[in-house]
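Just follow the structure's listing: the first ligand is 1, and inside any ligand the first atom is 1.
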Amino acid sequence: MNGELLYLNGEFLELREGRVHVEDRGFQLGDGIYEVIKVMNGRLVWLDDHLARLDRSLAAIRLGDALEDHDMGRILPDLVARAGLGDGSVYLQVTRGDAPREFPFPAAPHPTVLAYTRPRDFPLPSFITTGITLHPVEDLRWGRCDIKSTNLLAAVLVKQEAQEAGAWEALFMAPDGTVREGGSSNVFAVLGGVVRTHPLDRHILGGITRLHVLEIAHRLGIPVEERAFTLEEVRQTAAGDCEFFSASSTTDMLPVVAIGGVAVRGGRPGPVTLRLLDEMRAELAALAGREKPPALLGPP
Ligand code: PMP
């Protein structure tokens with residue numbers, strides 16, 4: 001096994017053997033939802049949180065009974081074990097299945113349920129120390145960004161644009177100038193020692209990593225405010241007491257050192273970010289049954 005294996009509607013197959021119907025509504029209409037779960041040392045990280053979000057996404061698109069015959073809490077660990085996957089991720093997708101192409105739901109949908117494993121390298125510690133750069137873009141997505149929908153065209157286009165601009169990630173901005181989230185990540189600023197992030201509403205995805213960042217901050221006694229902020233606020237404090245970072249399942253947390261070509265904190269990851277990241281890396285190592293990695297943040 002090379003660490004890659006597919007579960008498709010009850011069967012385990014080699015990834016390249018998987019076939020989905022041309023009229024699958026996920027393919028034609030984006031009528032589906034997905035999850036990405038990190039795997040470390042063969043263990044699915046924060047699986048229960050991902051399964052809870054999966055249920056919420058399915059309910060939101062009125063496909064609540066799609067997984068009746070697929071117990072993902074058992075199937076996913078089985079898939080990872082069969083694939084012989086150590087470190088990597090699982091991509092899971094559920095669509096309303098195939099039916100003659102019409103917009104309204106088919107009378108008796110038979111959902112397409114699939115998940116596959118992929119071995120993957122995660123960001124190196126050196127990358128964490130260098131930090132990433134963000135490219136601000138207008139948020140042209142729809143009004144239900146809280147649903148983890150497979151309609152990702154807006155993210156595809158802005159992430160391509162970010163890459164072409166030499167940045168690592170796009171940053172979705174609201175028309176009023178507030179910061180929403182990354183192209184495929186949540187973002188946080190640390191302003192005057194307070195961790196700030198956009199509140200959970202229909203404009204952002206409730207990231208699982210976001211949830212754990214906030215939990216860790218509470219545990220460490222770092223003040224948190226789920227309140228939107230502007231790039232202006234970041235820039236006004238950029239030279240001094242300001243930090244910025246992103247969070248997602250496959251990248252954990254990454255310090256942001258420049259936004260739209262303007263350096264944050266002189267282009268160096270900040271101490272609050274590194275303290276949170278050290279704690280997250282310790283938590284992930286414990287979940288994976290591994291030794292705690294060396295701290296990124298030296299003693300004060
Ligand atoms: N926001 C968006 C738009 C995303 O696509 C993602 C990653 N799928 C996230 C946030 C981060 O979510 P998570 O921490 O659950 O990976």
In chain order, what residues pass the side-chain contact (heavy atoms from CB on, under 4.5 Å) check against Ser249, with sequence neighbours excluded?
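Once residues adjacent in sequence are excluded, the partners of Ser249 under the side-chain contact (heavy atoms from CB on, under 4.5 Å) criterion are His50, Thr209.
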Assign the ring pair His212 / Trp46 to parallel, tilted or perpendicular, where the plane angle (0 to 90°) is split at 30° and 60°.
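His212 and Trp46: parallel rings.
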Going by the angle between their ring planes, with limits at 30° and 60°, are Phe229 and Phe244 parallel, tilted or perpendicular?
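The rings of Phe229 and Phe244 stand perpendicular, inter-plane angle above 60°.
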If you look only at distance, which donor and acceptor atoms sit under 3.5 Å apart when one is on a side chain in residues 155-164 and the other is two or more places apart or in another chain?
residue : atom : partner : partner atom : Å
Lys159  : NZ   : Glu169  : OE1          : 2.9
Lys159  : NZ   : Ser184  : OG           : 2.5
Gln160  : NE2  : Glu164  : OE2          : 2.6
Glu161  : OE2  : His135  : NE2          : 3.0

Ligand-protein N/O pairs under 3.5 Å (ligand 1):
residue  : atom   : partner : partner atom : Å
ligand 1 : 1 (N)  : Glu181  : OE1          : 2.6
ligand 1 : 8 (N)  : Lys148  : NZ           : 2.4
ligand 1 : 14 (O) : Ile208  : N            : 3.3
ligand 1 : 14 (O) : Thr209  : N            : 3.0
ligand 1 : 14 (O) : Thr209  : OG1          : 2.6
ligand 1 : 15 (O) : Arg53   : NH1          : 2.8
ligand 1 : 15 (O) : Arg53   : NH2          : 3.0
ligand 1 : 15 (O) : Ile208  : N            : 2.9
ligand 1 : 16 (O) : Ser249  : N            : 2.9
ligand 1 : 16 (O) : Ser249  : OG           : 2.7

Partners of Phe105 by ring-ring contact (aromatic ring centres under 6.0 Å, His included), sequence neighbours excluded?
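For Phe105, no residue satisfies ring-ring contact (aromatic ring centres under 6.0 Å, His included) once neighbours in sequence are set aside.
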Closest approach of Val179 to His198 (non-hydrogen atoms, all atoms of both residues)
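In terms of heavy atoms, the two residues are closest at O-CD2, 3.3 Å.
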